[in-house]
Peer 1: 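Below is one structure. I have some questions about it.
Note that ligands are numbered from 1 as they come in the structure, with each ligand's atoms numbered from 1 the same way.
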Amino acid sequence: MRYIKDTTISSCNITIKYALSVDFKLVSSRYPVRLTDYYAALIKQPDDAIWKQCMPDLRELEDTSQCPDPLDESALSPVPGLIHRYPDRVVLLVSNRCPVYCRFCMRKRLVGSGDAPIRAAELHAALQYIALHSEIHDVILSGGDPLMLDDASLQTILAGLRAIPHITIIRIGTRVPVTLPSRITPELCALLSRFHPLYINTHFNHPVEITTDATAACSMLADAGIPLGNQTVLLKGVNDSVETMRRLTTGLLAIRVRPYYLHQMDLVQGTAHFRTSVRTGLEIIKGLRGHVSGLAVPHYVIDLPGGKGKVAILPDDVEINGSTLLLRTYTGERATYQDITDLPE
Ligand SMILES: *Cc1c(COP(=O)(O)O)cnc(C)c1O
Ligand code: SF4
């Protein structure tokens with residue numbers, strides 16, 4: 001499989017100046033840096049929400065307490081590149097490259113390292129495994145960013161999956177609409193639409209990322225009949241306020257992207273400076289539910305260490321007293337709700 005032609009390294013002035021610094025070199029020699037002109041141009045000043053997401057920070061090296069692979073993805077990998085944690089669905093890692101390397105990446109241990117896309121032999125082994133496991137109905141292409149592969153490679157992978165009768169849906173997780181929207185072309189959309197039902201989950205973290213170009217990219221995908229979801233990572237100093245998250249999730253609905261998950265930061269080494277408390281996440285969900293369209297409220301999830309899976313958590317607003325539920329509405333008002341007793345069948 002092959003990547004698209006290289007798109008990296010920005011000519012944006014502030015980023016060039018920083019790129020010459022000692023800090024930059026120190027951090028980037030451990031955790032690779034990659035940037036697009038497009039994304040770097042969204043930086044308005046050092047240390048703003050875009051800068052924090054893509055520019056290396058010395059604190060990445062200082063955080064050595066955590067594990068590089070807390071979700072135990074390697075242990076759940078029956079063949080290289082495949083993660084089989086839930087019975088009916090798998091993640092297939094097809095690329096190690098992204099347009100921009102997010103400093104908070106949960107696969108920080110992998111992205112940019114080696115940098116080769118999945119090889120034909122690995123793909124073959126993964127497809128064989130999926131074909132032999134008829135309980136798998138849902139395949140999620142991830143990486144790295146799958147859309148860093150060229151159209152011919154994507155065609156090969158998608159055709160291989162569609163040749164397996166028990167595969168119902170294919171999902172692609174990609175940050176390309178956010179960091180390299182020009183990758184979304186009419187040709188790519190035509191290709192993807194031949195493999196329906198195909199879903200895309202993209203990854204917007206801040207309202208500033210919802211630009212004219214990103215909007216156009218999402219429109220093309222939606223017009224190709226692809227349902228679009230969004231996974232946001234809750235990031236300290238980037239999007240950890242109700243106000244920012246409201247603008248983000250309602251802004252996404254306006255471009256036909258449905259907020260799907262808000263992720264609590266995984267306990268990945270090198271990312272501690274982005275971590276917020278779970279209480280902060282719950283306050284944000286409270287600030288969304290009822291105040292904005294229900295479609296704009298994502299599930300807040302913690303991916304449990306050790307590969308135990310994602311758990312959705314809700315603000316603690318229910319107390320159970322016998323068969324009476326004491327609930328709190330979005331305005332803070334207390335309400336009671338009478339539960340029923342389940343009758344035997
Ligand atoms: C997140 C994840 C999935 C998909 O989970 P959904 O809740 O269905 O979106 C599947 N496999 C692994 C290993 C995952 O981390
Ligand atoms: S786009 Fe996704 S996989 Fe790539 S660096 Fe960012 S978070 Fe990691």
Peer 1: Can you list the residues that meet the ring-ring contact (aromatic ring centres under 6.0 Å, His included) rule with H273, with sequence neighbours excluded?
Peer 2: none

Peer 1: What short N/O contacts, under 3.5 Å, does ligand 1 make with the protein, listed by atom pair and distance?
Peer 2:
unit_1   : atom_1 : unit_2 : atom_2 : d
ligand 1 : 7 (O)  : Y261   : OH     : 2.5
ligand 1 : 8 (O)  : R89    : NE     : 2.7
ligand 1 : 8 (O)  : R89    : NH2    : 3.3
ligand 1 : 8 (O)  : R171   : NH2    : 2.8
ligand 1 : 9 (O)  : R171   : NH1    : 2.9
ligand 1 : 9 (O)  : Y260   : OH     : 2.6
ligand 1 : 15 (O) : R85    : NH1    : 3.2
ligand 1 : 15 (O) : K310   : NZ     : 3.0

Peer 1: Is K108 close enough and on-axis enough to Y31, meaning under 6.0 Å and within 45°, for cation-pi?
Peer 2: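 The answer is yes, since K108 meets both limits relative to Y31.
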
Peer 1: Could you state the interatomic distance from CZ (R175) to SG (C102), rounded to the nearest 0.5 Å?
Peer 2: 4.0 Å

Peer 1: Using a 4.0 Å heavy-atom cut-off, which part of K108 comes near ligand 2: side chain, backbone, both, or neither?
Peer 2: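 For K108, no heavy atom sits under 4.0 Å from ligand 2.
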
Peer 1: Atoms of ligand 2 less than 4.0 Å from H203 heavy atoms?
Peer 2: 7 (S)

Peer 1: Look only at the side chain of D88 and the backbone of E135, and say whether a donor-acceptor pair between them is shorter than 3.5 Å.
Peer 2: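 Checked: no pair found.
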
Peer 1: Can you tell if the side chain of Y337 reaches within under 4.5 Å of the side chain of T324, non-hydrogen atoms only?
Peer 2: no

Peer 1: For the pair Q53 (side chain) and A49 (backbone), establish whether a donor and an acceptor sit closer than 3.5 Å, ignoring hydrogens and angles.
Peer 2: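 Indeed, once roles are kept as given, a pair shorter than 3.5 Å links the two residues.
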
Peer 1: Listed by chain and number, what are the ring-ring contact (aromatic ring centres under 6.0 Å, His included) partners of H206, not counting sequence neighbours?
Peer 2: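 Per chain and number, H206 pairs via ring-ring contact (aromatic ring centres under 6.0 Å, His included) with no residue.
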
Peer 1: Are any side-chain N or O atoms of R34 and backbone N or O atoms of C98, one a donor and one an acceptor, separated by less than 3.5 Å?
Peer 2: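 At least one qualifying donor-acceptor pair exists.
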
Peer 1: Is any side-chain heavy atom of M265 closer than 4.5 Å to a side-chain heavy atom of K236?
Peer 2: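 They are not in side-chain contact.
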
Peer 1: Is I184 close to L147 at the side-chain level, that is, under 4.5 Å between some pair of heavy atoms?
Peer 2: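 Sidechains of I184 and L147: in contact.
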
Peer 1: Give me the protein N, O or S atoms that fall under 2.8 Å of atom 4 (Fe) of ligand 2, sorted by chain and residue number.
Peer 2: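 Result, waters dropped: C98 SG.
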
